[in-house]
2 protein chains.
Amino acid sequence: MTTQTTADLLRLHKLRPTRQRVALAALLFDGAPRHVTAETLHGQVKDMGITLSLATIYNTLHQFTKVGLLKEIKGIGDATWFDTNIDQHHHFFDITNDHLIDIPASSITISNLPDSPEGKVIEGIDVIVRLSDKHYSE
Amino acid sequence: MTTQTTADLLRLHKLRPTRQRVALAALLFDGAPRHVTAETLHGQVKDMGITLSLATIYNTLHQFTKVGLLKEIKGIGDATWFDTNIDQHHHFFDITNDHLIDIPASSITISNLPDSPEGKVIEGIDVIVRLSDKHYSE
DNA sequence: CAATTAATTTAAAACCATTCTAAACTACTT
DNA sequence: AAGTAGTTTAGAATGGTTTTAAATTAATTG
Ligand SMILES: [Mn+2]
Ligand SMILES: [Mn+2]
Ligand SMILES: [Zn+2]
Ligand SMILES: [Zn+2]
């Protein structure tokens, strides 16, 4: 029987299971894939009746990222996103409602890429497929 | 014989050839492909001995984008980039020096993309290939 | 279980890219 | 030359994020 799973997860990553971190981890790592920004996550914990500062949200998201529990995604919309899917993958980004949907890395093939400049190596490849509403004219 | 080419280019796009716009257009549309941010461009005009406000740089970059002389690229580094290459294309982004290099759209093939959600249509696909320095260990 | 120590949280200020405001200026028209 | 509409600008404002330093809390030790 597993007790205190969330606290254990945190301790496993050398993070003290504070009230704030336990609340955020419980929310983030409930099994469903999640894409959050500091602001969306702040709103979600507030809805659960928990109050914690935005600074702590930022601290915690960065700490979770550092220990490999989250992946940081920059360049989508105006804010930085954090992703519970830490596998290499890509995204649909629905620009009408700022919603992200995962695309498995295996769904995308990149061929004929030019050679990298001398002395440079590919660090990663980010693909964002922007979605908008289909409009039915005529 | 073509005279006043830069001013003509601006008039062609219904933009008054002001001192500021002429200086920026001359710098940007000299034939070489350019990737600039408001700050890098501001630095470049300053180096030419021309003083103009950052607000004007922003205004002008957006105006040039609106008339199709530039393309806006968000999500690379912390700032918004503007690109004189207005064709659909992708980028290498060298994270060690914030440098962008074009990748022609024809160099990238995307296959097996999942279906777009109901009622949504693909607006565009952005591919960023992050580059870092090759490190020679052992 | 104190008491001590070290990590964490927080409000508030600072930061930085960008946008806004509204007053001064300039290009174009008449 | 005058009028007017478009443009530039300094400076204020904005919004996401980071920093600061003081208060709080978790872990450790006796
Ligand atoms: Mn892990
Ligand atoms: Mn054009
Ligand atoms: Zn994802
Ligand atoms: Zn480009």
Side-chain angles (χ1 to χ4, degrees), chain A residues 4 6-27 35-46 50-67 69-70 72-83 93 98 100, chain B residues 4 6-27 35-46 50-67 69-70 72-83 93 98 100:
Chain A
Q4 293 285 100
T6 302
D8 287 349
L9 175 71
L10 292 172
R11 271 188 282 261
L12 202 67
H13 290 89
K14 306 253 161 62
L15 296 169
R16 289 188 179 174
T18 62
R19 177 177 69 76
Q20 293 85 342
R21 292 209 274 231
V22 168
L24 292 174
L27 208 161
H35 298 99
V36 301
T37 68
E39 291 287 357
T40 66
L41 186 57
H42 196 219
Q44 288 169 36
V45 291
K46 225 181 260 173
I50 300 163
T51 305
L52 72 185
S53 77
L54 202 47
T56 296
I57 302 264
Y58 278 107
N59 289 342
T60 305
L61 287 171
H62 287 136
Q63 289 157 168
F64 286 5
T65 300
K66 192 180 299 181
V67 301
L69 287 168
L70 291 176
E72 193 171 347
I73 312 175
K74 283 180 173 236
I76 290 178
D78 292 322
T80 300
W81 290 82
F82 294 85
D83 194 339
F93 179 58
D98 274 28
L100 281 169
Chain B
Q4 294 285 98
T6 302
D8 286 349
L9 175 71
L10 293 171
R11 270 188 283 261
L12 202 67
H13 289 90
K14 306 254 160 65
L15 296 169
R16 287 189 181 178
T18 62
R19 176 178 69 74
Q20 292 86 341
R21 292 209 275 231
V22 168
L24 292 174
L27 208 162
H35 298 101
V36 301
T37 67
E39 290 288 356
T40 66
L41 185 57
H42 196 219
Q44 288 169 35
V45 292
K46 226 182 257 173
I50 300 163
T51 306
L52 71 185
S53 76
L54 202 48
T56 296
I57 303 264
Y58 278 106
N59 289 342
T60 305
L61 287 172
H62 287 135
Q63 289 155 170
F64 286 5
T65 300
K66 191 178 298 182
V67 302
L69 286 167
L70 291 176
E72 195 170 347
I73 311 175
K74 284 179 171 235
I76 289 179
D78 293 322
T80 300
W81 290 81
F82 293 86
D83 195 339
F93 179 58
D98 274 30
L100 282 170

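We name chains A, B, ... by the order of the sequence lines, and we start the count at 1 in each one.
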Taking atom [atom2] of [N] as reference, at what distance in whole Å does atom [atom1] of [X] sit?
X: B:Leu52; N: C:dA24; atom1: CG; atom2: P; result: 21 Å
X: B:Leu10; N: D:dG6; atom1: CG; atom2: P; result: 17 Å
X: A:Ile76; N: D:dT17; atom1: CD1; atom2: P; result: 13 Å
X: B:Arg21; N: C:dT26; atom1: CZ; atom2: C1'; result: 11 Å
X: A:Arg11; N: C:dT8; atom1: CZ; atom2: P; result: 13 Å
X: A:Asp98; N: D:dG15; atom1: CG; atom2: P; result: 15 Å
X: B:Leu61; N: D:dT8; atom1: CG; atom2: C1'; result: 15 Å
X: B:Asp78; N: D:dG15; atom1: CG; atom2: P; result: 19 Å

Checklist entry - Considering only side-chain heavy atoms of A:Asn59, which listed nucleotide, C:dT8, D:dA10, C:dT9, is closest? => result C:dT9

Checklist entry - With respect to the side chain of B:Ser53, which nucleotide from C:dT9, D:dT9, C:dA6 is positioned closest? => result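 Side chain of B:Ser53 sits closest to D:dT9.
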
Tell me whether the OP1 or OP2 atom of [N] has a side-chain N or O from [X] closer than 4.0 Å.
X: B:Thr37; N: C:dA17; value: no
X: A:Tyr58; N: D:dT17; value: yes
X: B:Gln20; N: D:dT9; value: yes
X: B:His62; N: C:dT19; value: yes
X: A:Arg19; N: C:dT9; value: no

At their closest point, which heavy atom of [X] faces which heavy atom of [Y], and how far apart are they?
X: A:Ile76; Y: A:Trp81; result: O-NE1, 3.1 Å
X: A:Ser53; Y: A:His42; result: C-NE2, 4.2 Å
X: A:Val22; Y: A:Thr6; result: O-CG2, 3.5 Å
X: B:Leu61; Y: B:Ala38; result: CD1-CA, 3.9 Å

Item to check | First encountered from the 5' end of DNA chain C, between B:Ala79 and A:Gln63 | outcome: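 So the residue in question is A:Gln63.
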
Item to check | 5'-most by nearest nucleotide on DNA chain C - B:Pro17 or B:Trp81 | outcome: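 Result of the comparison: B:Trp81.
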
When we call it a touch if two heavy atoms are under 4.0 Å apart, what does [X] touch: a base, just sugar-phosphate, or nothing?
X: A:Thr56; value: base
X: A:Thr80; value: sugar-phosphate
X: A:Ala55; value: base

Item to check | For B:Asp78, salt bridge (charged side-chain N to carboxylate O under 4.0 Å, His left out) partners two or more places apart | outcome: A:Lys74

Checklist entry - Considering the terminal five base pairs at each end of the helix from C:dC1-D:dG30 to C:dT30-D:dA1, what angle separates the two local helix axes, rounded to 10°? => result 10°

Checklist entry - Is there a side chain to side chain contact (heavy atoms under 4.5 Å, CB included) between B:Val36 and B:Gln44 once you walk through the steps? => result CA-CA 10 Å; B:Val36 301; B:Gln44 288 169 35; 4.3 Å; yes

Item to check | Ring centres under 6.0 angstrom apart (A:Phe64, A:His13) | outcome: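 For A:Phe64 and A:His13, the ring centres are not under 6.0 Å apart.
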
Checklist entry - Can you find a pair of side-chain heavy atoms, one from A:Leu15 and one from A:Arg21, that are under 4.5 Å apart? => result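 Yes, at least one pair of side-chain atoms sits under 4.5 Å.
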
